[in-house]
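Inspection log for the structure reproduced underneath, given as structure tokens.
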Amino acid sequence: MFSNKDEFKQIFLKRLEMSSGKSFSECSLQDNYQALGSMVREFVSNDWIMTNERYMKGKQKQVYYLSIEYLLGKLLRQNLINLGIEDIVESGLMDLGICLSDMEEMEADAGLGNGGLGRLAACFLDSLASLHLPGHGYGIRYKHGLFEQKIVDGYQVELPEQWLRNGNVWEVNKSDLAVSISFWGKVETRMENGRLVFHHLNAETVNAVPYDLPVIGYMSKTVNTLRLWNAEPSQFSPHKDILKYKRETESISEILYPDDSHDEGKILRLKQQYFLVSASIQTILKNYRKLYGSLHSLHEHVCIHINDTHPVLAIPEMMRILIDEDGFDWDEAWFITTNTISYTNHTTLSEALEKWPLRIFRPLLPRIYMIVEEINRRFCEELWNRFPGDWERIAKQAIIADEYVKMAHLAIVGSYSVNGVAKLHTEILKSREMNLFYQLFPNKFNNKTNGIAHRRWLLKANPKLSALITDSIGTSWIHSASELSGLLRYQNDSSFLEQMAKIKTENKQILADFIYEKTSIAVDSNSIFDVQVKRLHAYKRQLLNVLHIMYLYNRIKEDSSFECAPRVFIFGAKASPGYYYAKKIIKLINTVADKVNQDLQIADRIKVIFLENYRVSLAEKIFPASDVSEQISTASKEASGTGNMKFMINGALTVGTLDGANIEIRELVGDANIFTFGLSASEVLHYQQHGGYQSIEYYHHDSRIRQAVDQLVNGFFPGVQNEFEPIFDSLLGENDQYYVLKDFASYAGIQEIIGESYKKQQQWQKMSLNNIAHAGYFSSDRTIKEYADEIWGIKPV
Ligand SMILES: *Cc1c(COP(=O)(O)O)cnc(C)c1O
């Protein structure tokens, strides 16, 4: 398409004119973005087609990754980098007086996810394509991604997100490949030619229309596909109230549930899940039939991976097609299904384990319900045979119990692999949460520690550090992140460490300018940038961080000579709109921020910044500018975390509990290069089971705690009455379920050590380098290789 800058400019200008219908000087940045984006998209179309042909011809085993969320962020620059044309394009545009970074601002974040789970799916797609692996994503093309957050008067306000406002240059509509999805209606069972057949009558049908996005591997000819389904009215649905039908249909792909781990129990949500699953499974099986003639050996050539339980209806949906449409008997259909589907568990929080009331499930999906009932019947029979008379066990493990369908149980029973997302998480699954299932199917359980796309979170997000790394150890780390260990050579090289420090300060200055632009608050780039960015959740304990800031404030107010290393505390977090308590914490952070930032006596010793609308593109600005990574969840609650890995690879030092992947970070960098504190997971689990923790004692015995906790309710914050009573109550009235007060002293202690350590800059930079050098392990390339080898059995093409 183009091999040098001048060719690029020529083609770009021509396209710009054609697509915008304007002369160059009249074109807006948005016009420029649209022209460049569609040009890049077309640039890969040949490789895209060829990739699919290779997969078909070679009859390679392929994996389909089903996820209700994809948190993609922006695609333009990453695609340019992966195609190896970033420099040509950037300097060509520069010649034309266009700044690529400005142009990037025209692209909306594709925010089709809540947080870690959705971002993991996006990182996996990048790694699959970059490793030449035949793996595709299936998801929903939500018209509105995760809400846009504004902070007004300290409170979170949610606005509908509008990423499709200017269209999406990356997608290709393939309406000829639409499939039909059935809801409601009745199932009629008849004998025909000596077999039972099932007819789904009076169903309401909806069209699932695919929009395909190319997933471009890094410097590879592999272009995989992310297929997002759009819900549209079907032409043939005989309906009285056409408008109502149209509205109801379109609502299926209207909005992403802004719901991070709590479940709302809405019919629409279940409709979305089945919509994704049915469209995807129908398509996968149809294509397979076309290529192989029948579905008999499907499991030998296809893997279907479900990202958490949201797509678990893939199991009964496959059974439905195999039995009802292809005439398989139950046993063979079950064999094929359970050898095709693999499942990732993302949480052990019991409130986050999905279950659907039968009163919703049964009428909405009558045939699927029958199949789930039969799966359950057979599973309970098996349990009965193995543990005769153990009713209690059967009640605990049944897929249908207490008028609910338990989605995690269905996932475990109907798949051949169940993986957790970090070592500790998998151990807790095996020994506690899913122990009865582990006893039954020990070989299904395995661990795949999460990872991140290091080409986005380091190469793209932190160009200066990336250039330094490449200058010193060459480019091989871009393909194989484990090569970052080559940096260890420089750990005693003071000029190298100084260069690292300089880059960090420059990145901090860029963030400081951004903060000033957004909040009008000036922060000093020589302070410690101490950052907690992630969804707001009680278990993630933003509250512990805030109480510590209040303590530091109190300390400085009491003793103006109190020495503490100057810090900028930076927060970013969205709260689920219905999560009352989380919203209170946001208000508290902002209230503390106002108090601290406006206090002249505090000056530059502490600043508190809440950056609104935390999302992938904001995250990319924050990680490179961070010194301290706050990973302070109540031990045992954070399955893995991936934010922790993004910080690490950008040289931030972790202050964290021994939870999720923090444990593996510590194993890699050693105790000297991480700041850990607090209760261990087994201590937390012990307290939960046997009691013995009284938060009130910590309130009484630690004056730092008492002062800060009292300030929540004693008028210390002007103008907020009763506002923080729910927080006060959670800590004392409800005995502090997340052990915030229990861990306070240990957290304050480690923070003091962090302040001291930061003063020894050379030593700090050495620790930082150690973190970067060991972060290669957390590339999602490593994770995906493990999935490919140990779960999917797929090979590079
Ligand atoms: C990585 C990421 C997350 C997950 O962060 P955790 O700290 O692991 O919870 C959430 N949101 C965005 C935008 C991310 O990039």
Side-chain angles (χ1 to χ4, degrees), residues 67 69-75 78 108-126 145-149 161 163 256 258-261 307-308 346-347 349 352 421-422 424-425 449-458 460-462 530-542 544-545 570-576 582 611-626 628-634 637-650 652 654-657 659-665 775 778-780 783:
S67 178
E69 300 189 8
Y70 289 90
L71 200 51
L72 299 169
K74 302 185 190 220
L75 300 176
Q78 188 76 57
D109 272 51
L112 310 181
N114 277 296
L117 175 147
R119 183 56 226 174
L120 185 76
C123 288
F124 280 4
L125 292 180
D126 177 278
L146 185 58
F147 66 86
E148 184 184 332
Q149 180 195 53
E161 188 279 344
W163 72 297
L256 166 83
D259 186 340
D260 199 50
S261 85
N307 192 24
D308 214 330
H346 281 271
T347 182
L349 298 182
V421 291
L424 173 70
H425 170 59
T449 299
N450 280 168
I452 56 162
H454 70 283
R455 286 169 293 269
R456 177 173 288 262
W457 296 108
L458 177 54
K460 171 178 184 290
N462 198 341
D530 180 316
V531 183
Q532 188 170 21
V533 286
K534 48 181 75 250
R535 284 296 292 256
L536 213 138
H537 214 292
Y539 84 81
K540 291 178 183 278
R541 297 202 296 191
Q542 281 92 353
L544 177 57
N545 191 342
I570 298 170
F571 293 86
K574 288 179 183 174
S576 188
L611 287 173
E612 64 187 8
N613 205 29
Y614 182 56
R615 62 196 184 284
V616 170
S617 59
L618 179 56
E620 288 174 45
K621 295 185 171 77
I622 293 174
F623 294 120
S626 300
V628 175
S629 158
E630 296 272 354
Q631 308 300 335
I632 58 178
S633 53
T634 309
K637 304 285 182 195
E638 186 76 89
S640 162
T642 48
N644 45 4
M645 303 168 188
K646 301 168 195 165
F647 278 108
M648 177 190 185
I649 207 167
N650 281 285
T654 303
V655 54
T657 46
D659 199 16
N662 298 350
I663 294 177
E664 286 158 76
I665 294 179
F778 294 113
S779 167
S780 47
T783 313

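Note that ligands are numbered from 1 as they come in the structure, with each ligand's atoms numbered from 1 the same way.
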Carboxylate-amine/guanidinium contact R455 D126, below 4.0 Å: yes

Short side-chain donor-acceptor distance under 3.5 Å, Y614 and Q149: no

What are the polar N/O contacts of ligand 1 with the protein below 3.5 Å, with distances?
residue  : atom   : partner : partner atom : Å
ligand 1 : 7 (O)  : K534    : NZ           : 2.7
ligand 1 : 8 (O)  : T642    : N            : 2.8
ligand 1 : 8 (O)  : G643    : N            : 3.0
ligand 1 : 9 (O)  : K540    : NZ           : 2.8
ligand 1 : 15 (O) : K646    : NZ           : 2.7

Among E630, K574, E638, side-chain contact (heavy atoms from CB on, under 4.5 Å) partner for K534: E638

Between CH2 on residue W163 and CD on residue E148, distance to nearest 0.5 Å: 15.5 Å

Reference residue D109; test side-chain contact (heavy atoms from CB on, under 4.5 Å); the match among L72, N613, V616: V616

Pairing residues for D530 by the salt bridge (charged side-chain N to carboxylate O under 4.0 Å, His left out) criterion, not counting sequence neighbours: none

